[in-house]
Amino acid sequence: MSISRGTKTGVNYYQKKRFFLDLLRKKIPFWPRIALLLKNIVVIYFKICDNGISIEIKFLRVCVMNDYLQLAEILFNEELPTTQQLEALYPPRDLKDGAKVTRVAPSPTGYLHLGTLYVALCCKMTAGEDGVFYVRIEDTDKKREIDGGVKNIIDGLYYFGVTPDEGYTANGEQGKYGPYKQSQRGKIYRAFVKELVKKGLAYPCFCTEQDLAATREGQESRKERTGYYGKYAACRNLSLEQIKEKLDAGQPYVVRLRSGGDESRKITVEDLIKGKIEMPQNDEDFVILKSDGIPTYHFAHAVDDHLMRTTHVIRGDEWVSSLPKHIELFSALGFKAPKYAHIAPIMKLDNGNKRKISKRKDPEAAVSYFVSEGYPAQSVIEYLMTVASSEFEVWRRQNPTLKHADFKFNIKKMSVSGALFDHEKLDDVSKNVISKFDAETVTEAVLKWAKEYDKDFYEKISANTAFLKGIFSIDRGVKNPRKDLAKWRDAKDFTRYFYVAPGFSGLPEHIKPADAVKLLKEYIKIYTVRDSQSEWFEDLKTVCPAANYCPDTREYRQNPQNYNGSVGDFSTVVRICITGRQNSPDLYSIMKLIGTEESLNRIKNVIRILEEA
RNA sequence: GGCCCGAUGGUCAAGAGGCCUAAGACACCGCCCUUUCACGGCGGUAACACGAGUUCGAAUCUCGUUCGGGUCACCA
């Protein structure tokens with residue numbers, strides 16, 4: 001991070017320039033101007049005697065200070081810590097060299113957003129073992145705040161294992177850099193605003209909404225850049241008397257930064273993800289303290305991230321455009337700016353156009369969606385990791401058993417533009433995750449999910465959990481497990497035929513119903529539960545000749561013309577009888593699990609249907 | 001509209017002037033394995049937005065066009 005004009009002293013380039021311009025433009029009334037000049041002379045004299053450098057710097061401070069000092073006292077007539085005290089209260093962190101301090105700063109306006117989770121994950125991965133990842137609550141907009149908003153967010157973060165080291169945690173506030181809720185940091189913000197006012201870097205503005213709308217309209221009709229800057233900054237040069245008058249009249253006001261920026265000059269920011277970003281300097285006198293005394297995001301960001309000693313500000317890239325404001329703020333406050341990393345948002349396809357995933361339109365925007373669908377937390381995190389880093393998947397294949405946190409995450413390698421949310425990919429990732437779970441884990445998870453999100457299903461499966469576990473034990477725990485389940489909600493359909501006999505939806509075309517009937521009739525005569533799958537299969541083979549089906553698949557493949565079908569086809573018929581589908585886990589296990597009687601009933605039922613047809 | 005940013009298959013992406021006849025993953029299709037269903041293995045379809053320039057040589061650097069995204073509040 002760098003700024004095109006360095007600031008070596010307490011007073012920056014903007015201030016110097018502004019003072020001279022104001023002087024030249026005669027914005028300062030006549031007598032004070034003379035007074036200023038007189039004082040000026042003295043200072044200049046001093047400075048020349050001293051060391052002869054930075055004459056104008058000292059003079060600004062001395063001359064205008066009186067009014068500003070008074071203003072500050074009037075505006076902030078309360079006991080406030082000094083900024084020096086605050087600096088001492090929140091000293092630089094004692095961490096290993098190169099350790100990173102990151103944070104996620106959600107506002108409690110609803111549920112946890114997928115984007116917030118994503119950013120939080122990147123923050124936590126960046127902080128790693130040595131660093132600190134903390135949660136700060138940005139509740140500076142009281143209008144949008146909702147009840148339980150903070151809890152929603154923290155619970156969500158914990159559910160997905162993106163647990164903070166500091167700030168808002170499950171155990172309440174933790175850490176020495178708090179409070180971590182902006183609504184509780186009023187004095188801190190006001191202390192810094194006061195300091196700014198003292199330096200002439202901030203001033204009260206009494207413009208009403210209507211005033212602002214009017215200037216905006218004027219600007220628009222003249223095709224000028226809109227905003228509160230330069231000559232449009234109506235309250236910028238109010239005299240102390242004028243301000244007092246309005247204050248006495250009880251007019252509400254905001255505090256604005258007195259910007260020293262020049263729109264024709266550029267700032268350069270080295271973003272960790274996007275690289276070099278060049279933008280015009282900020283020249284807007286934007287609001288730093290709202291009329292309710294609460295700071296805006298911009299101001300809170302500068303103060304909090306400085307005081308909380310954040311080293312890496314990782315946030316959504318919708319913030320890129322306010323970077324000039326933040327840079328100027330850090331400079332005005334005399335803070336060292338943190339490193340920035342702006343993450344591209346997760347997008348959605350909407351009518352062929354990409355757009356940011358939206359709370360209103362997309363169920364996936366709320367992480368609660370993934371919870372209610374029954375995606376294991378780990379699946380969502382794994383998926384988010386694949387989006388965050390293209391190297392993650394390769395690493396995962398090489399290290400199937402390690403935790404995602406062991407992956408060496410490099411935020412610099414993140415994609416510059418937004419990725420489309422890919423449901424199919426999520427399902428694939430999740431199937432892999434679930435396929436590695438053991439039966440016990442799956443059973444418990446499904447039970448837990450169903451209890452919360454599908455009562456009927458829960459009633460059904462909780463009656464006999466051993467049976468349920470039996471279902472999930474089939475083909476599980478082997479070297480290459482099946483991948484039937486992407487989410488717990490899938491379990492309902494997946495387990496359905498274990499509980500109720502399936503409907504009959506027909507045979508594949510190449511199997512003649514008459515043949516099927518012959519085979520099945522023979523089969524029910526001999527069916528009995530066997531001790532092994534191979535014995536079970538032998539039974540199928542034994543029945544085959546009844547309809548001239550070939551018991552040997554290889555032989556059948558070589559001479560299909562000699563047969564009506566193969567033992568493979570017959571097993572499909574049985575599968576359809578038992579499960580109602582052509583695709584299921586190991587049939588032998590299923591039949592064993594549902595029991596001989598039920599198996600025979602299902603087969604008999606299909607025989608009847610086929611004969612009636 | 002101003003200001004920023006971006007553009008490689010349907011999707012996510014590797015790619016840093018010659019290793020590019022452009023990797024890998026998802027999806028799709030085919031084959032193999034297999035006692036069925038799967039799992040797995042192998043293979044296939046499919047991309048450098050367009051136009052100039054720089055260069056012996058461009059997916060890669062520059063400019064322009066087009067398209068896409070973000071942002072322009074007393075919201076974060």
Side-chain angles (χ1 to χ4, degrees), chain A residues 105-109 138-141 143-144 182 205 207-209 212 216 220 223-228 252-256 263 271 274-275 277-280 284 286-292 294-298 300-301 315-324 342 344-345 347 349 352-356 383 386-387 389-394 396-397 413 415-429 435 475 478-484 533-534 536-538 540-541 551-554 566-575 579 581-588 590:
Chain A
S107 54
T109 55
E138 309 232 322
D139 57 344
T140 55
D141 186 2
K143 278 168 279 181
R144 296 202 310 164
Q182 291 181 334
C205 164
C207 291
T208 62
E209 232 174 279
L212 296 175
R216 160 175 284 272
E220 273 169 3
K223 301 224 154 97
E224 291 170 333
R225 189 160 53 90
T226 58
Y228 200 88
Y253 65 93
V254 299
V255 179
R256 306 186 98 106
E263 209 251 349
D271 185 275
K274 310 232 177 218
I277 302 177
E278 247 190 20
M279 297 185 93
E284 280 188 57
F286 59 91
V287 175
I288 56 177
L289 207 60
K290 298 186 272 189
S291 54
D292 56 6
I294 296 173
T296 56
Y297 169 84
H298 306 299
H301 154 54
R315 64 206 332 183
D317 71 1
E318 68 270 20
W319 291 109
V320 169
S321 55
S322 33
L323 229 21
H342 288 95
M347 317 282 276
L349 210 53
N353 289 330
K354 264 185 174 186
R355 61 165 171 74
K356 223 165 108 176
Y383 172 66
T386 65
V387 177
S389 170
S390 57
E391 287 166 0
F392 182 74
E393 275 187 280
V394 177
R396 175 48 86 209
R397 242 171 290 135
K413 294 216 164 176
S415 179
V416 181
S417 51
L420 239 31
F421 178 78
D422 189 342
H423 229 293
E424 280 170 343
K425 184 79 179 180
L426 200 219
D427 279 357
D428 178 69
V429 169
S435 75
D475 290 341
V478 295
K479 192 169 152 225
N480 293 319
R482 296 175 61 92
K483 298 179 179 176
D484 295 301
Q533 206 231 20
S534 53
W536 168 83
F537 199 76
E538 282 305 314
L540 289 187
K541 285 182 175 177
D552 183 342
T553 310
R554 188 160 290 149
S566 71
V567 64
D569 294 322
F570 179 40
S571 76
T572 299
V573 174
V574 178
R575 186 184 304 279
T579 71
R581 51 185 88 177
Q582 292 184 47
N583 169 336
S584 81
D586 177 53
L587 245 193
Y588 158 71
I590 296 174

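Side-chain atoms are counted along with the backbone in the values below, which use heavy atoms only and exclude waters and symmetry mates. Just so it is clear: chains get the letters A, B, ... in the order the sequence lines come, proteins before strands, and each one is counted from 1.
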### Query
What interatomic distance, in whole Å, is found between P of A58(B) and the corresponding atom of G1(B)?
35 Å

#### Entry: Main-chain N/O of T140(A) paired with K290(A) side-chain donor or acceptor, under 3.5 Å
yes

### Query
Is R256(A) near enough to C74(B) that one of its side-chain N or O atoms lies under 4.0 angstrom from OP1 or OP2?
yes

### Task
Could you state the atom-to-atom distance from CG of D428(A) to C1' of G24(B) in whole Å?
14 Å

### Query
Touch check for V254(A), heavy atoms < 4.0 angstrom, all strands: base, sugar-phosphate only, or nothing?
base

### Query
Expressed as a whole number of Å, how far does the P atom of U60(B) sit from that of C50(B)?
10 Å

### Task
Would you mind classifying the nucleic acid contact of E278(A) as base, sugar-phosphate or nothing, using non-hydrogen atoms under 4.0 angstrom?
sugar-phosphate

### Query
Where the side chain of T226(A) is defined as all heavy atoms beyond and including C-beta, which of U35(B), A76(B), C72(B) is the nearest nucleotide?
C72(B)

### Query
Which part of the nucleic acid, if any, lies within contact of R554(A), taking any heavy atom under 4.0 Å across all strands shown: a base, the sugar-phosphate backbone alone, or nothing?
sugar-phosphate

#### Entry: Closest nucleotide among A76(B), C74(B), U71(B) to the E138(A) side chain
A76(B)

### Query
Which part of the nucleic acid, if any, lies within reach of S291(A) when heavy atoms closer than 4.0 Å are counted: base, sugar-phosphate only, or nothing?
base

### Message
Any base atoms under 4.0 Å from K356(A), or only sugar-phosphate, or nothing? Heavy atoms, all strands.
### Response
sugar-phosphate

## Note on the structure
When D292(A) and Q582(A) are each assigned the nearest nucleotide of RNA chain B, the 5'-most assignment goes to Q582(A)

### Message
Under 4.0 Å, heavy atoms only, any strand: does T140(A) hit a base, just the sugar-phosphate, or nothing?
### Response
sugar-phosphate

## Note on the structure
Which of C72(B), C4(B), C39(B) is nearest the side chain of K483(A)? It is C39(B)

### Query
When we call it a touch if two heavy atoms are under 4.0 Å apart, what does R397(A) touch: a base, just sugar-phosphate, or nothing?
sugar-phosphate

### Task
Tell me what R225(A) touches on the nucleic acid: a base, only sugar-phosphate, or nothing, going by heavy atoms under 4.0 Å.
nothing

### Query
Would you say a side-chain N or O of K274(A) is under 4.0 Å from OP1 or OP2 of G70(B)?
no

### Message
Could you tell me how far apart D141(A) (CG) and C74(B) (P) are, to the nearest whole angstrom?
### Response
12 Å

### Task
Would you classify K223(A) as touching base, sugar-phosphate or nothing, given that sugar-phosphate means primed atoms plus P, OP1 and OP2, and contacts are heavy atoms under 4.0 Å?
nothing

### Message
For a quick check, with a 4.0 angstrom heavy-atom cut-off, what is the B/S/- contact string for nucleotides 7-14 of chain B, read 5' to 3'?
### Response
----BSSS

### Query
Given Watson-Crick or G-U pairs with both distances under 3.5 Å, what dot-bracket string fits RNA chain B, with | for other-strand pairs and [ ] for crossing?
(((((((..(((.....[.....))).(((((.......)))))....(((((..]....))))))))))))....

